[in-house]
Amino acid sequence: DGSQTPAIFLNGFQRTVLSIGAAAVALTNPARHDMVATLGETTGYRALVRIHEQMLADEEGRLVLQEKPRISSASVDLPGLRVLPEGTLGRCYTDFLDHNKVTPDSRASVLFVDDAELRYVMQRYREVHDLFHSVLGMPTNMLGEVAVKWVEAMQTGLPMCAGAALFGPLRFKPKQRSKYVTKYLPWAVKVGREAKPLMNLYYEKRWGQQVSELRKELNIVPFV
């Protein structure tokens, strides 16, 4: 169900101080996922409002907001998804989880978004991030993560995503930077501009759909 952890309310000064502190830690140590998550919450209000409006305007997105599904090992039949045919969304998703040795339960609860509806939108974004990777066909290496962040930034407007997309490449080695500039960045910008919003999808109702068909439906050009 859509049950959530209660929010921690912050005044304007507290929110600013927390944002600055989280940004400083996140930029110097991107592995601090707790600070990256905090930064996303304290700076993302306007973007969350836009995402919420975008979902409300879409039939499938509206259903997600109404039913508020959660993605976790308790709510999703992962063993069942693992035996789906090759190429289906559910199979690609569990293959992704198994390959990267992660679970749907690794996403932190949202704490610093006061509005319950917007808090769910942020929680949903976190829980479908790995599905974005699956749909886009991007790995979790630095190049793949930055490409996904570009798509997310362009589709959601979340400052956290924009920051990761802009500052992530600063850590690239020369060979990575060359691949990024010639292949990953142009592809990510094209997808970000032209694809239908990934946040609108009710993924749980599409487990059996072929990812290739889903990409065509969403106007996602496969990465080559």
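This structure is a prediction, so every number in the text was calculated from the model and none was measured. The figures here come from the full heavy-atom set of this structure, side chains too, leaving out hydrogens, waters and symmetry mates.
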Discussion item. Can you confirm whether Val135 sits close enough to Leu214 that some side-chain heavy atom of one is under 4.5 Å from a side-chain heavy atom of the other?
Written reply: yes

Worksheet entry | Close side-chain approach of Tyr125 and Ile51, heavy atoms under 4.5 Å | no

Worksheet item: Should we count CZ of Arg82 as having more than 12 external heavy atoms under 6.0 Å?
Response: yes

Fill in: Student check: side-chain heavy atoms of Thr156 and Leu48 closer than 4.5 Å
no

Item to complete: For the residue pair Pro69 and Arg124, establish whether any side-chain heavy-atom pair is separated by less than 4.5 Å.
Response: yes

Discussion item. If you compare all heavy atoms of Val148 against all heavy atoms of His129, which two are closest, and at what distance to 0.1 Å?
Written reply: CG1-CE1, 3.8 Å

Worksheet, complete the sentence: In this structure, CG of Asn100 is separated from CG of Asn141 (nearest 0.5 Å) by 9.5 Å

Discussion item. I'd like to know if Lys149 pairs up with Glu152 as an ion pair, taking the criterion as any Lys NZ or Arg NE/NH1/NH2 lying under 4.0 Å from an Asp or Glu carboxylate oxygen.
Written reply: yes

Practice prompt. Determine the minimum heavy-atom distance between Arg107 and Asp130, stating which atoms define it.
Written response: NH2-OD1, 2.8 Å

Fill in: Charged N-O contact under 4.0 Å between Glu60 and Lys196
no

Response to the item:
Of Arg119, Arg126, Glu127, the one forming a side chain to side chain donor-acceptor pair (under 3.5 Å) with Gln123 is Glu127

Item to complete: Check the pair Tyr184 / Trp150 against ring-ring contact (aromatic ring centres under 6.0 Å, His included), numbers first and verdict last.
Response: CA-CA 10 Å; Tyr184 285 82; Trp150 269 110; over 10 Å; no

Practice prompt. Evaluate the criterion side chain to side chain contact (heavy atoms under 4.5 Å, CB included) for residue pair Cys92 and Val211; output intermediate values, then yes/no.
Written response: CA-CA 8 Å; Cys92 288; Val211 170; 3.7 Å; yes

Fill in: Side chains of Val64 and Tyr203 in contact at under 4.5 Å (non-hydrogen atoms)
no

Discussion item. For Glu59, I'd like to know if atom CD has over 12 heavy atoms of other residues, nucleotides or ligands within 6.0 Å.
Written reply: no

Discussion item. Counting only heavy atoms from other residues, nucleotides and ligands, does the tally under 6.0 Å from CZ of Arg62 exceed 12?
Written reply: yes

Worksheet item: Do the non-hydrogen side-chain atoms of Pro104 and Leu78 ever get within less than 4.5 Å of each other?
Response: yes

Fill in: Heavy-atom pair with the smallest gap, counting every atom of Ile71 and Glu204
CG1-OE2, 3.3 Å

Fill in: Non-hydrogen atoms of Trp187 and Pro222 that approach each other most closely
NE1-C, 3.7 Å

Item to complete: Please step through side chain to side chain contact (heavy atoms under 4.5 Å, CB included) for the pair Met138 and Glu145, ending with a clear verdict.
Response: CA-CA 7 Å; Met138 283 289 108; Glu145 282 291 354; over 6 Å; no

Discussion item. Could you report the tightest heavy-atom contact between Leu65 and Met55, atom names first, then the distance?
Written reply: CD1-CB, 3.7 Å

Practice prompt. Check the angle between the aromatic planes of Trp207 and Tyr93 and answer parallel, tilted or perpendicular using the 30° and 60° thresholds.
Written response: parallel

Worksheet item: Is any side-chain heavy atom of Leu89 closer than 4.5 Å to a side-chain heavy atom of Leu131?
Response: yes

Worksheet item: Which atom pair, heavy atoms only, marks the closest approach of Leu84 to Gly90?
Response: CD1-CA, 3.9 Å

Fill in: Worked verdict on Leu63 versus Asp58 for side chain to side chain contact (heavy atoms under 4.5 Å, CB included)
CA-CA 9 Å; Leu63 187 60; Asp58 178 83; over 6 Å; no

Discussion item. Side chain to side chain contact (heavy atoms under 4.5 Å, CB included), that's the test. Do Thr140 and Phe96 meet it? Break it down for me.
Written reply: CA-CA 9 Å; Thr140 57; Phe96 176 90; 3.2 Å; yes

